[in-house]
Amino acid sequence: MKTRTSSLALAVLAAAALVRADDTVTVIRVGTLIDGRSGAAQRDQVIVVSGRRIESVGPAGTFQAPEGARTIDLSQATVLPGLIDSHTHLFLQGQEAAEGGYDGQLLKRGIAYRAARATVAARRALEQGFTAIRDVETEGGGYGDVGLKQAIDEGHLPGPRIFASTLGISSTGGYALEGYAPEIVVPKGVQIVDGPVEARKAARQQLENGADWIKVYMTHRSWVDEKGALVSQPTLTLEELKAIVDEAHGWGRKVACHAYNGPGLRRALDGGCDSIEHGLDLDDAAVAQMAKQGTWYCPTVAVYYYDWRPENTPEGRKDRKRVEVHGPSFQRALKAGVKIAFGTDAGGFPWTEPMAQEFGRMVELGMSPMAAIRSATTAAAEMLGKAGELGVIAPGAYADIVAVRGDPLQDVAELGRVAFVMKDGLVFKDQLH
Ligand SMILES: [Zn+2]
């Protein structure tokens, strides 16, 4: 009984912590500040948080804390803006055989089960310092992302700010589930459309039901051909994509396009996609077009190191080829000054795995730790249309603040050990005190 009482008390405390006191002033003493904007870290700073937002940032020196303010001492830590993951799938739990793979999640798990797991995933993201995510479709989880976002925004459970993409869009023959007897109707992981009229209608339906972004699949199957090149099947036509982009832009929203290479990638770029997801095999022409158009690149490098199939099988060759061409594509984009947004594809691998591994992959490929941090802060915020409000520690921004013990500019793996998380001015995690 005693145990029950104390766990109940804890639950009440946790719930209370999610209720905001809008007039609370918090002074954060910072050892090292990486604010998301400046080219270098700054020592001994003070951040003043009022309610949900940052009021001021400046040198500690002669700073006098306002009367009645509470103080958080992060003077032994490196403080950064809350991180942003621009490519997640809250409703997906990896592809592991023990979980029934991708098909098992759609065929054997009800929507309530999937939503329950998604709430855990959202919590996992926040624990790791990701205070905002662009969740790029629910993989058969319907409009669950919009519901989860609403519940988080209302303070019912902890999680990051969610930019939701709802169902995703592809064409007939352009998405799983597939491989079943043609007589059997199986669910699809996206909304299937054929023709510009259906494409526009799907975009309208998704936007009406709360999509912040539209997610489109421009390539689907891929394989290694007899010459050893990666080949991808294109899905939507240019006309179909243009209808979606035109509709989304009319609503002031943006379109994220999954595209590996080839005709599907070219259509994505010609059709006006705002971000290319994965972009495994970007040739010089694609990189030049992205730089010229200002198209974002969300490479999701780390996810392609998971679950390689046996070496001398068609699937195994594809797994290795994808990684082989991805690195040089990333480096071409980096050199050409293409705008890069950090994305993990978490959910494509289990949510128990560290999201920050992506930083290590980006740095391995030649990005500086500071640029990698920006891809997950200021750059991502710009892509999301939230420059100045997210991804930065500056007056007027939301008080989404994280801290690590070490120096991530020396060792970017520090970002995998986030020890303090504040979102919206509320402390969610604190392992430093
Ligand atoms: Zn994905």
Side-chain angles (χ1 to χ4, degrees), residues 84-96 99 101-103 105-106 114 117-118 121-122 124-125 130 132-142 144-145 148 160 162-170 174-177 188-191 206 211-222 232-233 235-236 254-261 264-265 268 273-282 296-307 318-319 322-323 326 329-330 340-351 353-355 357-358 361-362 375-376 380 383-384:
I84 302 169
D85 187 339
S86 294
H87 191 124
T88 63
H89 300 280
L90 289 169
F91 279 74
L92 200 58
Q93 309 302 329
Q95 324 257 350
E96 293 188 340
E99 299 268 340
Y102 183 87
D103 292 26
Q105 293 183 58
L106 272 72
R114 295 192 66 191
R117 295 287 302 269
R124 284 281 303 143
F130 289 86
I133 60 173
R134 185 182 59 159
D135 199 66
V136 281
E137 78 111 337
T138 59
E139 310 285 357
D145 52 351
L148 181 50
I162 296 175
F163 294 81
S165 321
T166 73
L167 310 180
I169 298 174
S170 190
Y175 212 76
L177 304 181
K188 293 287 180 183
V190 294
Q191 187 167 3
Q206 295 184 11
D212 300 303
W213 277 71
I214 298 293
K215 168 72 178 295
V216 170
Y217 288 83
M218 292 305 293
T219 60
H220 178 45
R221 285 176 187 80
S222 62
S232 308
Q233 164 216 355
T235 53
L236 298 178
K254 291 178 182 169
V255 179
C257 287
H258 168 115
Y260 277 8
N261 64 358
L265 173 67
C273 261
D274 298 288
S275 73
I276 296 295
E277 307 303 302
H278 317 303
L280 293 188
D281 189 12
L282 304 177
W296 287 88
Y297 179 32
C298 188
T300 69
V301 179
V303 67
Y304 291 101
Y305 288 82
Y306 279 88
D307 301 328
K318 179 177 87 174
D319 293 339
R322 291 194 301 193
V323 165
H326 205 181
S329 296
F330 180 89
I340 296 177
F342 175 100
T344 61
D345 216 352
F349 55 84
W351 280 94
E353 296 288 304
M355 295 162 80
Q357 63 182 324
E358 182 72 12
R361 295 286 182 195
M362 291 169 114
S375 78
M383 183 179 79
L384 295 169

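Here the structure is a predicted model, which is why all the values come from computation and not from measurement. One-based numbering, in listed order, for ligands and for the atoms of each.
His87 and His278 have tilted rings, their planes meeting at an angle from 30° to 60° on a 0 to 90° scale. Between Tyr297 and Phe330, the two ring planes are tilted [angle within 30° to 60°]. The aromatic rings of Tyr306 and Phe349 sit parallel, their planes meeting at an angle under 30°, below the 60° perpendicular limit.
Looking only at protein N/O/S atoms, the ones less than 2.8 Å from the Zn ion (ligand 1) make 3 in total.
In this view, Asp281 and Leu230, Asn261, Val325, Ser329 satisfy the side-chain contact (heavy atoms from CB on, under 4.5 Å) rule, not counting sequence neighbours.
Side chain to side chain, Asp135 and Thr88 meet the donor-acceptor criterion of an N or O pair below 3.5 Å.
Relative to the ring axis of Tyr305, Arg361 places its NZ or CZ within 45° and under 6.0 Å from the centre.
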